[in-house]
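Following: one structure in structure tokens, then a few remarks.
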Amino acid sequence: MSNEAFGKTNLLFEQAIAGRDFGILAEVYTAEARLLSPGVPAITGLTGIQDYWRSAVSALGVSRAKLHSLEVTVTGDRAAEVGRAEIFTAPDAPPMPLKYVVLWKQEGGSWKWDVDCWNMDG
């Protein structure tokens, strides 16, 4: 299994953040996905996840995100990814480093994020 499908979905996430087009997240997350973000209760479902990212991007002044997949392990119609990310805000500010684990699931013929767990790196 090539990591190409995972890379395409991760790129869609980056595009959603950079373009502030949170409708794209329907192509990234499963319908019943769970988001485990630091400092907030777990969020279940696409609508809540879209609202979370809309609010977080606005509140933090995020201009873009860059995901760096370090490892993807596929088992049937599930996969686990470990990676690191950078969140960019002000033009002269250094990016905020993050680490993440995404549990993937095939839904509608596509690989999508089913559980998204991340936290600050440092």
Side-chain angles (χ1 to χ4, degrees):
M1 159 65 72
S2 154
N3 286 349
E4 185 176 327
F6 301 103
K8 284 183 180 180
T9 299
N10 285 349
L11 182 58
L12 285 172
F13 176 81
E14 292 174 3
Q15 291 170 346
I17 299 302
R20 295 181 181 232
D21 182 355
F22 303 101
I24 292 173
L25 296 178
E27 298 177 53
V28 175
Y29 288 92
T30 63
E32 296 301 317
R34 288 156 291 166
L35 175 66
L36 310 175
S37 172
V40 299
I43 299 168
T44 299
L46 182 58
T47 300
I49 290 171
Q50 288 170 316
D51 290 345
Y52 169 84
W53 283 116
R54 185 178 292 109
S55 175
V57 165
S58 177
L60 297 173
V62 174
S63 60
R64 67 186 179 97
K66 180 67 181 157
L67 303 179
H68 305 277
S69 182
L70 302 176
E71 177 184 333
V72 177
T73 304
V74 179
T75 306
D77 68 347
R78 303 281 181 156
E81 175 188 13
V82 175
R84 62 181 184 80
E86 297 165 300
I87 301 295
F88 296 85
T89 55
D92 295 331
M96 292 185 290
L98 311 172
K99 53 189 173 279
Y100 67 87
V101 173
V102 171
L103 302 180
W104 294 73
K105 179 180 175 182
Q106 283 192 328
E107 181 179 87
S110 298
W111 282 102
K112 293 184 176 184
W113 299 3
D114 195 42
V115 179
D116 178 12
C117 181
W118 62 273
N119 56 39
M120 302 300 289
D121 193 13

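The first residue in the sequence is number 1, and the count goes up from there. The analysis underlying the following values was restricted to heavy atoms, covering all of them including side chains, and did not include hydrogens, waters or symmetry mates. A quick note: this is a predicted structure, and the numbers were derived from the prediction, not measured.
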inquiry  = Can you tell me how far apart OG1 (Thr30) and CD1 (Ile49) are? Round to the nearest 0.5 Å.
reply    = 7.0 Å
request  = Look at the side chain of Lys112 and the backbone N and O of Ala26, then say whether any donor-acceptor pair between them is shorter than 3.5 Å.
outcome  = yes
Asp121 side, atom CG; Glu86 side, atom CD - distance, nearest 0.5 Å = 10.5 Å
ask   = Do Met120 and Leu67 share a hydrophobic cluster (ILVMFWY, side-chain heavy atoms under 4.5 Å, transitive)?
value = yes
ask   = Given the rule that I, L, V, M, F, W and Y join up when any side-chain heavy atoms are under 4.5 Å apart, are Leu98 and Phe88 in one cluster?
value = no
query = Quick one: does Val74's side chain get under 4.5 Å of Trp111's, heavy atoms only?
reply = yes
key: Main-chain N/O of Glu81 paired to Ser69 side chain as donor or acceptor, under 3.5 Å   = no
ask   = Rounded to the nearest 0.5 Å, what separation is found between the NZ atom of Lys105 and the OG atom of Ser110?
value = 13.5 Å
key: ring-ring contact (aromatic ring centres under 6.0 Å, His included) against Phe13, all qualifying residues, sequence neighbours excluded   = Trp53, Trp113
ask   = Do Phe22 and Leu11 share a hydrophobic cluster (ILVMFWY, side-chain heavy atoms under 4.5 Å, transitive)?
value = no
request  = Identify whether the distance between the nearest side-chain nitrogen and carboxylate oxygen of Asp116 and Arg34 falls below 4.0 Å.
outcome  = no
inquiry  = Let me confirm one number: the CZ-NE2 distance from Arg84 to His68, rounded to the nearest 0.5 Å.
reply    = 4.5 Å
query = Is there a side-chain contact between Leu60 and Ile87 (heavy atoms, below 4.5 Å)?
reply = no
request  = Report the distance from atom CD1 of Ile43 to atom CD of Gln50, rounding to the nearest 0.5 Å.
outcome  = 11.5 Å
inquiry  = Is there a side-chain contact between Thr44 and Glu32 in this structure, where contact means two heavy atoms from C-beta onward sitting under 4.5 Å apart?
reply    = yes
note = Nearest heavy-atom approach of Arg64 to Ala18 is CB-CB, 4.2 Å
query = Which distance, rounded to the nearest 0.5 Å, do you find between the CZ of Arg54 and the CG of Leu25?
reply = 8.5 Å
remark   = Heavy-atom nearest pair, Ala79 first then Val72, reads CB-CG1, 4.4 Å
message = For a quick test of reading the model, state the closest non-hydrogen atom pair linking Arg78 to Asp114 and the distance between them.
response = NH1-OD2, 3.4 Å
request  = Could you walk me through whether Glu27 and Thr9 pass the side chain to side chain contact (heavy atoms under 4.5 Å, CB included) test, one step at a time?
outcome  = CA-CA 7 Å; Glu27 298 177 53; Thr9 299; over 6 Å; no
message = Connecting only ILVMFWY residues whose side-chain heavy atoms lie within less than 4.5 Å of each other, what is the rest of Val101's hydrophobic cluster?
response = Leu36, Val82, Leu103, Val115
